[in-house]
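For reference, the structure discussed in these notes is given below.
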Amino acid sequence: MTSILERILPTVQKPARYVGGEYNQIVKNKQDIEVRVAFCFPDTYEIGMSNLGMRILYGVMNQMDKVWCERVFAPWGDMEDAMRKHGLPLWALESHDPLAEFDLIAFTIGYEMSYSNLLNMLRLGKIPLHAKDRHGLHGLVFAGGVCAYNPEPLADFVDFFSLGEGEEITVEILELYRKAKAESWSKQAFLQEVSKIPGIYVPSFYEDTYNPDRTLHALTPLSGVPVKITKRIVENLDSAYFPVDTIVPSTEIVHDRCNLELFRGCIRGCRFCQAGFSCRPVRKKSHEALQHQAKEALALSGCHELTLASLSTSDYRQLPELTDDLIPYCEEKKINLSVPSLRADNFSRELMRKLQTVRKSGLTFAPEAGTQRLRDVINKNLTEEEILTTCANAFSGGWNNVKLYFMLGLPTETDEDVKGIAELVYKVLQTWRETAGDKKRGLRIHVATAFFVPKPHTPFQWEKQITPEEYTRRQRLLKECILSKAVEYNWHAPDLSYLEAVLARGDRRLGKVIEEAVNRGAKLDGWDEYFSYQTWLDAFKACGVDPDFYTTRGFAMDELLPWEHIDVGVSKRFLQKERERAYVGLVTPDCRHACVGCGANCLLKEGNCDA
């Protein structure tokens with residue numbers, strides 16, 4: 001394979017994607033290994049290597065004795081064409097061994113539009129596509145990530161799913177597999193035992209049936225497996241593994257920096273946000289642990305940027321202490337400190353002043369909706385006054401670049417709400433005119449709108465999605481209302497978000513659609529260069545599946561949802577109550593004001609989250 005690869009590499013874009021050999025990659029002696037894991041990220045190298053979760057689990061698995069985990073990424077189109085032409089199977093970067101030589105093939109799935117890549121990677125690796133066609137222990141496929149919270153569209157292709165955070169459950173899976181391999185278990189025996197590990201879902205042990213109106217009738221557990229599968233979490237993040245000696249990429253990646261995870265979960269409860277509910281409860285790291293990890297990771301990687309990452313970074317209680325510790329170090333080493341995921345209601349001028357000492361970059365906020373009425377519907381807990389006050393503080397401090405993110409198609413949205421986005425943007429512009437300390441450089445306001453996707457495990461999981469045509473009409477209405485040359489407006493194409501909604505809310509009947517789309521050439525669907533909306537529409541038609549059934553139809557409140565057997569810790573009753581509050585415009589305070597009783601505390605031994 002090496003000689004063929006050497007001939008191919010000079011002919012493709014970014015050949016460093018495919019060779020491995022990076023600083024800090026982990027290579028082990030095969031003779032000492034009992035379990036080999038191909039850890040697959042269903043997108044390109046530069047996307048996968050930017051993923052903190054993949055870096056964490058790569059380290060967790062390679063810390064295990066007699067286990068070797070290697071990385072596998074989806075090839076770009078030119079490399080895939082060359083691989084098919086020369087009969088070259090998909091390989092792992094560390095050993096360059098083909099996928100078919102590995103005991104376990106693990107996928108992390110964070111985006112629905114990567115489903116086609118998962119199937120395509122299995123085919124490129126010469127792995128049987130359907131779980132039922134893989135016999136014996138060798139070459140089992142399992143998957144985790146946020147998309148596993150509705151695993152049904154991939155049920156035909158994945159042997160088992162790992163639900164929730166992987167640091168502990170992955171070790172348990174591999175230890176059981178090592179025992180099964182040593183004792184020559186059958187695949188069925190292994191699946192039966194692995195299904196007993198809390199957080200493991202084996203689709204073949206559940207039977208789906210449907211009503212005459214095509215809604216889901218039941219997902220019946222067989223073989224004594226649990227009716228509901230509850231996700232796993234890591235309680236103590238200070239003692240959890242964190243990759244300070246992470247791999248240094250040999251080519252440019254999307255986020256070429258050190259990422260420091262401050263906490264998991266979110267206190268806010270925005271009703272559209274899947275991560276805000278599925279990642280509960282809140283658990284934080286101490287600022288002492290964070291500063292140690294930050295400095296060690298920077299020293300071992302040579303990175304010149306450090307990002308403080310979480311769902312809502314400015315909600316980290318010890319952020320002032322942490323930045324006080326890190327800023328002098330970053331100044332001395334000429335390292336840029338970035339703090340994304342900020343809230344306009346708690347981003348202080350003092351924090352802005354501190355960040356200015358390192359590098360003044362643009363500010364990014366997500367009001368999500370243009371009117372207070374609609375922000376209350378979605379429980380954004382953010383007022384116009386707070387938005388404008390924060391902007392005024394930033395402009396008076398010398399900032400002149402602001403990004404504002406909104407959604408179109410939110411439940412109850414009207415044309416007045418759409419126009420409200422333009423009105424709010426105009427007020428931001430007026431605030432700059434009134435408060436800016438330096439007007440010589442002018443102001444740039446970047447406005448972006450996304451197409452609302454009603455996601456599982458949120459209060460809006462039952463909602464209809466507006467049609468792509470209606471989204472386009474609202475987008476044009478907004479564009480007509482934005483008149484200032486200081487404002488740059490970008491929007492997401494509706495077709496991709498429409499398909500994202502179908503796959504996010506789908507059941508097992510979508511498996512044949514995904515396979516048909518891949519047969520017709522679907523791949524790299526998250527990339528404009530390869531995404532073909534028509535390919536997917538043709539696949540739906542060929543399979544006799546109506547995509548509107550999962551989007552514009554919405555779900556009845558008494559309907560069995562395809563993901564209802566997956567327990568993320570937040571109760572269905574709580575989600576229903578939040579939906580009811582949305583329709584009367586009632587906000588729910590964040591978790592720090594009072595526990596809202598979502599149910600996620602039940603996942604903790606102590607019963608109290610770190611909110």
Do any N or O atoms from the side chain of [X] and from the backbone of [Y] form a donor-acceptor pair under 3.5 angstrom?
X	Y	answer
R579	L575	no
N117	P42	yes
T246	P243	no
Q25	I247	no
S114	Y111	yes
R178	V35	no
S50	V254	yes
N336	E305	no
N379	G269	yes
H492	S497	no

Using the ring of each side chain (for Trp, its six-membered ring), is F395 parallel, tilted or perpendicular to W432, with breaks at 30° and 60°?
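Plane angle over 60°, so perpendicular.
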Any idea how F142 and F160 line up, ring-wise: parallel (<30°), tilted (30 to 60°), or perpendicular (>60°)?
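F142 and F160: parallel rings.
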Ion pair [X]/[Y], N-O distance below 4.0 Å:
X	Y	result
R283	E261	no
E94	R36	no
E175	K66	no
R271	E578	yes
E386	R375	no
K14	E46	yes

Distance, nearest 0.5 Å, that separates [atom1] of [X] from [atom2] of [Y]:
X	Y	atom1	atom2	answer
L603	K231	CG	NZ	6.0 Å
L424	Q372	CG	CD	10.0 Å
I109	C40	CD1	SG	10.5 Å
I387	T389	CD1	OG1	10.0 Å
L374	M407	CG	CE	9.0 Å
F263	C609	CZ	SG	11.0 Å

Closest approach of [X] and [Y], non-hydrogen atoms and distance?
X	Y	result
A148	F161	CB-CD2, 4.0 Å
L298	C303	CD2-O, 3.7 Å
F277	H457	CB-O, 3.3 Å
K380	A366	CE-O, 2.9 Å
H565	P151	NE2-CG, 4.3 Å
F102	S95	CZ-OG, 4.2 Å

If we count only N and O atoms by modelled type, under 3.5 Å, do the side chains of [X] and [Y] hold a donor and an acceptor together?
X	Y	result
K285	Q293	yes
Q461	W563	yes
Q318	S286	no
R581	T588	yes
S396	T435	no
S301	R257	no

Would you call [X] and [Y] a side-chain contact if the rule is heavy atoms closer than 4.5 Å?
X	Y	result
T44	L524	yes
I105	L99	yes
I233	L604	yes
N601	C595	yes

In this structure, which one of K284, R268, R264 forms a salt bridge (charged side-chain N to carboxylate O under 4.0 Å, His left out) with D315?
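Looking at K284, R268, R264, the match for D315 under the salt bridge (charged side-chain N to carboxylate O under 4.0 Å, His left out) is R268.
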Sequence neighbours left out, what passes ring pair (Phe, Tyr, Trp, His ring centres under 6.0 Å) with [X]? Give chain and number order.
X	result
H287	none
Y489	W491
F451	Y471

Only pairs at least two apart or in different chains count here, so list each salt bridge (Lys or Arg N to Asp or Glu O under 4.0 Å) that has a residue in residues 235-247.
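Residue pairs passing salt bridge (Lys or Arg N to Asp or Glu O under 4.0 Å), neighbours aside: E235-K605.
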Give a yes or no on this: more than 12 heavy atoms of other residues, nucleotides or ligands lie within 6.0 Å of atom [atom1] of [X].
X	atom1	result
Y241	OH	yes
H292	NE2	no
K572	NZ	yes
E296	CD	yes
K334	NZ	no
N29	CG	yes

side-chain contact (heavy atoms from CB on, under 4.5 Å) for I169 and I200? Distances and angles first, verdict last.
CA-CA 9 Å; I169 191 173; I200 295 296; 3.7 Å; yes
For N62, what residues pass the side-chain contact (heavy atoms from CB on, under 4.5 Å) criterion, not counting sequence neighbours?
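Partners of N62 under the side-chain contact (heavy atoms from CB on, under 4.5 Å) test: I26, K28, Y58, W68, C69.
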Residues in side-chain contact (heavy atoms from CB on, under 4.5 Å) contact with V146, at least two apart in sequence or another chain:
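In terms of side-chain contact (heavy atoms from CB on, under 4.5 Å), with neighbours along the sequence ignored, V146 is linked to Y149, Q274, S278.
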Passes side chain to side chain donor-acceptor pair (under 3.5 Å), N490 versus E488? Steps please.
CA-CA 7 Å; N490 297 302; E488 177 185 334; 3.2 Å; yes
Taking the six-membered ring for Trp, are F460 and F272 closer than 6.0 Å centroid to centroid?
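Centroid separation for F460 and F272: 6.0 Å or greater.
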Does the pair V428 and L404 meet the rule for a side-chain contact (heavy atoms from CB on, under 4.5 Å), with working shown?
CA-CA 10 Å; V428 171; L404 300 172; 4.2 Å; yes
Passes side-chain contact (heavy atoms from CB on, under 4.5 Å), L104 versus L174? Steps please.
CA-CA 9 Å; L104 289 165; L174 298 188; 3.4 Å; yes
